[in-house]
**Q** 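Before anything else, here's the structure in question.
All of these numbers come straight from a predicted model, not from anything done at the bench. Convention: sequence-line order gives letters A, B, ...; per-chain numbering from 1.
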Amino acid sequence: MGHQRLTSAAGPLLPRGFFHRPALTVARDLLGVVIEHAGVAVRLTEVEAYDGANDPASHAYRGETARNAVMFGPPGHLYVYFTYGMHFCMNLVCQPEGTASAVLLRAGEVISGRDAAAKRRPGSTVRDLARGPARMCRALDIDRALNGVDVTRRTSVVTVRRGIPIGEDLVTTGPRVGIAEAADRPWRLWIAGEPTVSVYRPHVRRARRR
DNA sequence: AAGAGGATGGCCT
DNA sequence: GGCCATCCTCTTC
């Protein structure tokens, strides 16, 4: 486990306007941003953009449903979904109400609350505490109860704060992870050289159950 | 009412 | 590299 780093690079809350832009633009600016909940802070090193109705890989591509309703709401809200019967993943909603784009938070570096994160992810190395979308949710104790939370409010239980800006030379792009449709769009963004960036995995169709 | 498959992760060889 | 846990959601019948 080791000791806890007490320094935090987190600055002011991101304003609503930050999210009031296309997902790809927001995704780029989310690199280096700090998300905090339940005593743990994570500096984002890897994100993916999803462009709603124009993106076959987006949960919102076929229109609004009970699950994706938050994506169609105002920007700056958390969209949390449950997958594979055991994992949660989280997005930050972009664009004005009615436009369902979002950024999936894929990986980051735990910069404070390491012990709390390690307690939620026993056996994990420090590097792997938030290396992957479901791992990051676990480390931050994010689940369906937080679906729809407005992270731009100062009183929000989940906060998203400015970090140290990432230079253009470090921003890297590539295809998104684990999706069947529109896998060619290079809408996965990460910080070059960061050890917490997840390993790329292409989509594989699962065998039929019996 | 039923079936398919999932924006994953941990463990195995 | 492969396997598969586990349950929710959407699609189709």
**Q** Let's see if you get this right: which residues in residues 62-74 of chain A place a heavy atom under 4.0 Å from DNA chain B?
**A** none
**Q** Between Arg144(A) (CZ) and dT9(C) (C1'), how many Å, whole number?
**A** 11 Å
**Q** In this structure, which stretches of DNA chain B are paired as stems of three or more consecutive Watson-Crick or G-U pairs, both distances less than 3.5 Å?
**A** B:1-6 with C:7-12, B:8-12 with C:1-5
**Q** Just to be sure I understand the rule, does His59(A) reach a base, reach only the sugar-phosphate, or reach nothing, if contact means heavy atoms closer than 4.0 Å?
**A** base
**Q** Can you name the ring-ring contact (aromatic ring centres under 6.0 Å, His included) partners of Phe88(A), sequence neighbours left out?
**A** Phe82(A)
**Q** Listed by chain and number, what are the side chain to side chain donor-acceptor pair (under 3.5 Å) partners of Asp141(A), not counting sequence neighbours?
**A** none
**Q** Only counting residues at least two apart or in another chain, list the ones meeting salt bridge (Lys or Arg N to Asp or Glu O under 4.0 Å) with Glu46(A).
**A** Arg106(A), Arg188(A)
**Q** Output the rounded distance in Å from NE2 (His203(A)) to P (dG5(B)).
**A** 9 Å
**Q** Restricting to side-chain contact (heavy atoms from CB on, under 4.5 Å), what partner residues turn up for Asp150(A), sequence neighbours left out?
**A** Arg16(A), His77(A), Thr152(A), Arg153(A)
**Q** Taking transitive links into account, so neighbours of neighbours count too, which hydrophobic residues share a cluster with Met71(A) at under 4.5 Å side-chain distance?
**A** Tyr50(A), Val70(A), Phe72(A), Tyr79(A), Tyr81(A), Val93(A), Leu104(A), Ile179(A)
**Q** Can you give one letter per nucleotide of nucleotides 8-13 of chain B, 5' to 3': B if a protein heavy atom sits under 4.0 Å from the base, S if only from the sugar-phosphate, - if neither?
**A** BBS---
**Q** Could you list all the side-chain hydrogen bond (donor to acceptor under 3.5 Å, both in side chains) pairs where at least one residue sits in residues 89-99 of chain A, not counting sequence neighbours?
**A** none
**Q** If you link ILVMFWY side chains whenever their heavy atoms are less than 4.5 Å apart, which other residues fall into the same cluster as Tyr84(A)? By chain and number, please.
**A** none
**Q** So Ala57(A), base contact, sugar-phosphate only, or nothing? Heavy-atom distance under 4.0 Å.
**A** base
**Q** Listed by chain and number, what are the side chain to side chain donor-acceptor pair (under 3.5 Å) partners of Arg43(A), not counting sequence neighbours?
**A** Glu109(A), Glu194(A)
**Q** Could you note down all residue pairs passing side-chain hydrogen bond (donor to acceptor under 3.5 Å, both in side chains) where residues 155-168 of chain A supplies at least one of them, sequence neighbours left out?
**A** Arg28(A)-Glu168(A)
**Q** Would you name the heavy atoms of Leu78(A) and Asn147(A) that are closest together and state the gap between them?
**A** O-OD1, 3.5 Å
**Q** Would Arg21(A) count as a cation-pi partner of Phe18(A), with NZ or CZ less than 6.0 Å from the six-membered ring centre and within 45° of the ring normal?
**A** yes
**Q** When rounded to the nearest Å, what value does the distance between C1' atoms of dA4(B) and dC4(C) take?
**A** 16 Å
